[in-house]
Amino acid sequence: MLIISRVVSLGGIVAPRCTSLCVSHFSACHCLTSPKRRSPYSSVDSERYSSLLKSVMSARVSSQTPESLQAEDEHIYGPVVKAQAPSSAPRRREPRTLHPFLRSEETEETEESGPPVRISLNRGQGRSLVPSVTRILQQTLSPEQIFYLERWKRRMVAELGEEGFKEYSQNLFRQGKLFHSALEEILTAGDTKRNKSASETPEHPPEVRGYMESVSHVLEDISAVRAIESTVQHDTLNYLGIADCVARYRGVLCVIDWKTSEKPKPFLGNTYDNPIQVAAYAGALNNDDNYKYQVENGLIVVAYKDGSPAHAHQLNSELMLEYWNTWLIRLEEFTDPR
DNA sequence: GGATCCTTCTTCTTCTTC
């Protein structure tokens, strides 16, 4: 009985996500490539539950009440942070103003054999007021995303302590940065060096060797690197960012985003807002006079520390347009918050 | 030289059984 009331109360938090996700922005960024999810309760094995019930009823839980369970949770994880009421307005499917993803005028094809471009960010040139892609995505997270992120953090702090969590987070960031630096070095070096086994390059710090091994099969398919860690800015829409890489992947010119992850991310839907980030960079690059070409495709590469093969998620031009529209919605939410 | 910025990553139900 008591367990049931707990399940129900959890369901009260979880259920809105299940029903509203597909009409919120999640549908645009997550459901495009993954099959529709069924209700978590639609396949309940009633027989299993009946045995669970019996065991619960006979177990020594009689001193527990929903209130004590709630108190227990609060004791372990801290006060409950409730997700915003499910009645909150679902995200729009279309931006108020459509902006083209590609430039309308012809762009010249540039030489691909030269060294990759790297336009560094210079905030001093009237860019100080231009918001970044990361900041905009961060500040327009959905209530559901905020809820799950806060819950995750609460659990981690409960497990590791404040200091431990801080150290854990810093370590994740450090690994991500080292991984990016190692890739930058390899991709700048050109095809010859890159085609050697990435794991053989001894100059990489030990912490990134697994990640480099993980992406080695992807690097084999990368050619014609045109830009690395390069600033892209959209003057009309007023935002900027730094794209990890622009190169050909299996012959197709892509904006590439490298990611490290502790959890496997075999599906595009596992990458949360990453596709929106890539579309935002591509849209900016396509409207940035510093780049004399356009990019219609994207690639998100998720690397793993244990060296297991990275997942490479390709975003074709159709998908990029979908995420471009999602980006425009997020940008509007950032620019004129309701 | 110091301050600030961009980016780095974190979310998706949860348990038992084989």
Side-chain angles (χ1 to χ4, degrees), chain A residues 3 6-18 20-22 24 26-27 29-31 34 37-45 47-49 51-52 55-56 81 83 119-125 127-138 141-157 159-160 165-184 207-208 211 229-233 239-245 257-274 277 280-281 284 302-303 305:
Chain A
I3 293 285
R6 185 165 215 210
V7 169
V8 169
S9 73
L10 280 173
I13 297 172
V14 173
R17 187 182 57 80
C18 301
S20 64
L21 278 190
C22 288
S24 71
F26 270 71
S27 62
C29 65
H30 295 154
C31 302
S34 55
R37 287 188 193 146
R38 290 186 305 166
S39 156
Y41 304 113
S42 65
S43 57
V44 166
D45 183 341
E47 202 172 314
R48 184 202 278 178
Y49 269 114
S51 66
L52 171 69
S55 76
V56 165
V81 180
I119 300 172
S120 55
L121 177 65
N122 190 345
R123 281 295 204 175
Q125 298 172 345
R127 280 172 160 172
S128 57
L129 296 174
V130 182
S132 72
V133 171
T134 306
R135 199 173 118 210
I136 292 163
L137 288 176
Q138 194 67 38
L141 289 169
S142 70
E144 286 87 355
Q145 284 175 297
I146 293 169
F147 169 76
Y148 285 112
L149 284 166
E150 285 182 348
R151 189 181 68 163
W152 169 80
K153 186 184 171 187
R154 207 164 57 240
R155 288 176 169 177
M156 292 299 283
V157 169
E159 194 181 319
L160 306 173
F165 176 71
K166 196 176 163 188
E167 201 175 310
Y168 167 79
S169 304
Q170 284 173 343
N171 193 42
L172 283 184
F173 284 156
R174 196 167 54 87
Q175 286 181 21
K177 286 175 182 173
L178 286 171
F179 174 57
H180 276 75
S181 301
L183 281 168
E184 195 180 325
E207 297 137 290
V208 299
Y211 291 119
E229 297 287 333
S230 203
T231 302
V232 292
Q233 178 161 354
Y239 72 87
L240 58 74
I242 299 173
D244 279 352
C245 182
D257 209 45
W258 311 101
K259 300 288 180 191
T260 59
S261 177
E262 298 207 308
K263 283 188 187 175
K265 290 179 176 165
F267 304 110
L268 184 61
N270 300 130
T271 66
Y272 298 96
D273 287 345
N274 293 167
Q277 185 186 8
Y281 290 152
V302 186
K305 193 174 190 175

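Worth knowing before you read on, the calculation uses all heavy atoms, side chains too, and leaves out hydrogens, waters and symmetry mates. Predicted, not measured: the structure shown is a model, and the values here were computed from it. Every chain is numbered from 1 and lettered A, B, ... according to where its sequence line falls, protein lines coming before strand lines.
Here the P atom of nucleotide B:dT13 and the CD atom of A:E144 are 12 Å apart, to the nearest Å. Put simply, CD on A:Q145 is 16 Å from P on B:dC9, counting in whole angstrom units. One atom, CD of A:E167, and another, P of B:dC9, lie 19 Å apart when rounded to the nearest Å. Rounded to whole Å, the distance from NE2 on A:H180 to C1' on B:dT8 is 7 Å. Remark: P of B:dT10 and CG of A:N270 are 12 Å apart, rounded to the nearest angstrom. If you measure from atom CZ of A:F179 to atom C1' of B:dC9, you get 13 Å, rounded to the nearest angstrom. Rounded to whole angstrom, the span from the CD1 atom of A:I136 across to the P atom of B:dT7 amounts to 9 Å. Separating the CD atom of A:Q138 from the C1' atom of B:dC5 is a distance of 15 Å, rounded to the nearest angstrom.
In the displayed structure, A:E207 atom CD is contacted under 6.0 Å by more than 12 heavy atoms of other residues, nucleotides or ligands.
Applying the 4.0 Å criterion to OP1 and OP2 of B:dT10, one finds that A:K265 has a side-chain N or O inside that range. Under 4.0 angstrom from either OP1 or OP2 of B:dT7 there lies at least one side-chain N or O belonging to A:Y281. Phosphate proximity of B:dT10 to A:S169: absent, as no side-chain N or O sits under 4.0 Å from OP1 or OP2. Note on A:R155: a side-chain N or O is less than 4.0 Å away from OP1 or OP2 of B:dT14. Contact annotation: A:Q277 side-chain N/O to B:dT8 OP1/OP2 distance is under 4.0 Å. For A:S261, a side-chain nitrogen or oxygen approaches OP1 or OP2 of B:dT10 to under 4.0 Å. At least one side-chain nitrogen or oxygen of A:S132 sits closer than 4.0 Å to the OP1 or OP2 atom of B:dT7. Side-chain nitrogen and oxygen atoms of A:K153 include none within less than 4.0 Å of the OP1 or OP2 phosphate oxygen of B:dT11.
Comparing A:W152 and A:T134 by the nucleotide of DNA chain B that holds the closest heavy atom to each, the one mapping nearer the 5' end is A:T134. Between A:V133 and A:K263, the one whose closest nucleotide on DNA chain B sits nearer the 5' end is A:V133.
Of all heavy-atom pairs between A:L160 and A:Y168, the closest is CD1-CB, 3.9 Å. Taking every heavy atom of both residues into account, A:A303 and A:F179 meet most closely at CB-CZ, 3.6 Å.
By the 5.5 angstrom centroid cut-off and the 30-degree plane limit, A:Y148 is classified as not stacked against the base of B:dT11.
Within 4.0 Å (heavy atoms only), A:L149 reaches at least one base atom of the nucleic acid. Using a 4.0 Å heavy-atom cutoff across all strands shown, A:E229 reaches no nucleic acid atom at all.
In this structure, the separation between CD on A:Q138 and CZ on A:R135 is 11.5 Å, given to the nearest 0.5 Å.
For the pair A:R151/A:F147, a side-chain contact is recorded, criterion being any heavy-atom separation below 4.5 Å from C-beta on.
In summary, the side chains of A:Y281 and A:Q277 do present a donor paired with an acceptor at a separation below 3.5 Å, with no hydrogens or angles considered.
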